[in-house]
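Since the structure comes first, as structure tokens, the remarks are kept for the end.
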Amino acid sequence: MLGLGADRLRADMNRLLAMLFHQGVLDEQFLQLQQLQDESSPNFVSEVVNIYFHESEKLLKNLRELLMDREFSDYKKMGTHLNQFMGSSSSIGAKRIRNVCVAFRAASEHNNRAGCLRALEVLEHEYCYLKNKLHELFQIEQQRVLAAGVRYPMQNN
């Protein structure tokens with residue numbers, strides 16, 4: 001009986017992932033990240049993604065602060081933050097976020113404040129969507145592990 005619940009949850013995970021790939025939210029880099037997860041590091045993907053989210057929050061805050069400054073003129077600094085965001089997004093397979101960063105960087109290279117503000121709004125929306133969907137995915141994964149009755153080795157002291 002436990003196996004049936006785990007199978008249903010695996011199917012739910014696969015449907016959610018398929019949707020995220022179909023929408024262009026994720027790319028094959030996310031699959032490569034998943035392949036690095038094994039029994040010795042069962043939470044590898046969620047740990048890497050949580051680090052990404054933590055660092056992304058800082059980058060979004062920095063971008064927001066730069067753009068909210070009425071005297072803003074440091075587009076080069078903004079470009080540095082965007083390059084960091086693009087790199088980290090690429091490393092976890094966050095395709096749509098990376099693409100928004102590319103457009104955002106183009107606006108910053110043209111000193112287009114209005115374009116940067118629009119891009120920041122889109123970036124924040126895409127970030128929240130990704131965060132919510134991956135959180136949902138990791139919750140389903142935790143439920144699947146519990147339903148499968150996975151037992152971790154006991155440590156002998």
Side-chain angles (χ1 to χ4, degrees), residues 2-64 66-67 75-109 115-116 118-155:
L2 287 176
L4 294 176
D7 289 343
R8 182 185 55 76
L9 291 165
R10 168 69 70 195
D12 290 347
M13 285 177 57
N14 289 338
R15 274 192 293 278
L16 179 54
L17 276 174
M19 180 191 77
L20 294 173
F21 279 95
H22 179 73
Q23 293 175 341
V25 174
L26 295 175
D27 64 20
E28 63 282 345
Q29 184 63 35
F30 188 79
L31 295 176
Q32 291 177 8
L33 191 63
Q34 285 184 310
Q35 290 173 354
L36 297 174
Q37 183 166 295
D38 60 20
E39 291 157 7
S40 68
S41 57
N43 299 316
F44 178 76
V45 175
S46 65
E47 289 170 2
V48 169
V49 169
N50 282 326
I51 292 168
Y52 166 79
F53 286 143
H54 180 75
E55 294 302 313
S56 295
E57 294 283 340
K58 290 183 207 173
L59 290 169
L60 283 169
K61 179 180 174 281
N62 291 340
L63 289 167
R64 204 174 304 112
L66 281 172
L67 280 170
Y75 287 94
K76 189 171 187 163
K77 188 172 186 178
M78 182 177 294
T80 301
H81 292 314
L82 288 167
N83 286 338
Q84 290 173 337
F85 212 159
M86 277 191 308
S88 60
S89 297
S90 292
S91 72
I92 68 153
K95 181 180 177 182
R96 271 196 346 208
I97 289 180
R98 184 188 56 78
N99 291 344
V100 172
C101 286
V102 169
F104 196 156
R105 188 176 63 187
S108 75
E109 287 172 351
C116 288
R118 282 191 304 275
L120 177 62
E121 187 176 312
V122 173
L123 184 59
E124 288 174 330
H125 171 78
E126 289 296 333
Y127 173 78
C128 286
Y129 184 76
L130 176 71
K131 188 172 184 178
N132 289 334
K133 290 302 178 185
L134 290 182
H135 180 70
E136 182 181 342
L137 181 72
F138 297 144
Q139 283 184 320
I140 296 169
E141 171 67 8
Q142 285 179 334
Q143 292 170 4
R144 185 196 65 77
V145 167
L146 290 173
V150 170
R151 303 281 187 257
Y152 295 103
M154 299 279 296
Q155 298 219 351

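Computation of the quantities below employed the complete heavy-atom set of this structure, encompassing side-chain atoms and omitting hydrogens, waters and symmetry-equivalent molecules. Given the structure is predicted, the values throughout are model-derived calculations rather than measurements.
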- request: Give a yes or no on whether Q32 atom CD has more than 12 heavy-atom contacts from other residues, nucleotides or ligands under 6.0 Å away.
  value: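 Yes, the 6.0 Å shell around CD holds more than 12 heavy atoms from other groups.
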
Could you measure the distance from the [atom1] atom of [X] to the [atom2] atom of [Y]? Nearest 0.5 Å is fine.
X: I92; Y: Q29; atom1: CD1; atom2: CD; value: 9.5 Å
X: L66; Y: C116; atom1: CG; atom2: SG; value: 10.0 Å
X: K77; Y: N62; atom1: NZ; atom2: CG; value: 7.0 Å
X: R96; Y: L123; atom1: CZ; atom2: CG; value: 12.0 Å
X: L9; Y: L146; atom1: CG; atom2: CG; value: 9.5 Å
X: H135; Y: I140; atom1: NE2; atom2: CD1; value: 10.5 Å

Set of ring-ring contact (aromatic ring centres under 6.0 Å, His included) partners for Y52, sequence neighbours left out: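 Y52: no ring-ring contact (aromatic ring centres under 6.0 Å, His included) contacts found.
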
Is the shortest side-chain heavy-atom distance between [X] and [Y] below 4.5 Å?
X: F21; Y: L31; answer: yes
X: L20; Y: F30; answer: no
X: N43; Y: S46; answer: yes
X: E136; Y: L16; answer: yes
X: M19; Y: K133; answer: yes
X: Y129; Y: L134; answer: no
X: K95; Y: V25; answer: no

task: Only pairs at least two apart or in different chains count here, so list each salt bridge (charged side-chain N to carboxylate O under 4.0 Å, His left out) that has a residue in residues 47-56.
output: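 Listed once each, the pairs are E55-K58.
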
field: Selection residues 14-31 - residue pairs positive for salt bridge (charged side-chain N to carboxylate O under 4.0 Å, His left out), sequence neighbours left out
entry: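 Only D12-R15 qualify under salt bridge (charged side-chain N to carboxylate O under 4.0 Å, His left out).
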
Extract all donor-acceptor atom pairs below 3.5 Å that involve side chains of residues 79-86 and protein atoms in other chains or at least two apart in sequence.
unit_1, atom_1, unit_2, atom_2, d
T80, OG1, K76, O, 3.2
N83, OD1, R105, NH1, 2.8
N83, ND2, G79, O, 3.4

Under the side-chain hydrogen bond (donor to acceptor under 3.5 Å, both in side chains) test, residues paired with N132 that sit two or more places apart: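 Here no residue qualifies.
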
- request: Apply side-chain hydrogen bond (donor to acceptor under 3.5 Å, both in side chains) to E57 and list each qualifying residue two or more places apart in sequence or on a separate chain.
  value: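 Residues passing side-chain hydrogen bond (donor to acceptor under 3.5 Å, both in side chains) with E57: Y127, K131.
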
Taking all heavy atoms of [X] and all of [Y], pick out the closest pair and write down the distance.
X: F104; Y: L67; value: CZ-CD1, 3.9 Å
X: A147; Y: A6; value: CB-N, 3.8 Å
X: G115; Y: A107; value: C-CB, 3.8 Å
X: L60; Y: E124; value: CD2-CG, 4.0 Å
X: A119; Y: V100; value: O-CG1, 3.8 Å
X: I97; Y: S89; value: CG2-OG, 3.2 Å

field: Whether Q37 side chain and V45 backbone form a donor-acceptor pair below 3.5 Å
entry: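 Yes; at least one donor-acceptor contact below 3.5 Å.
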
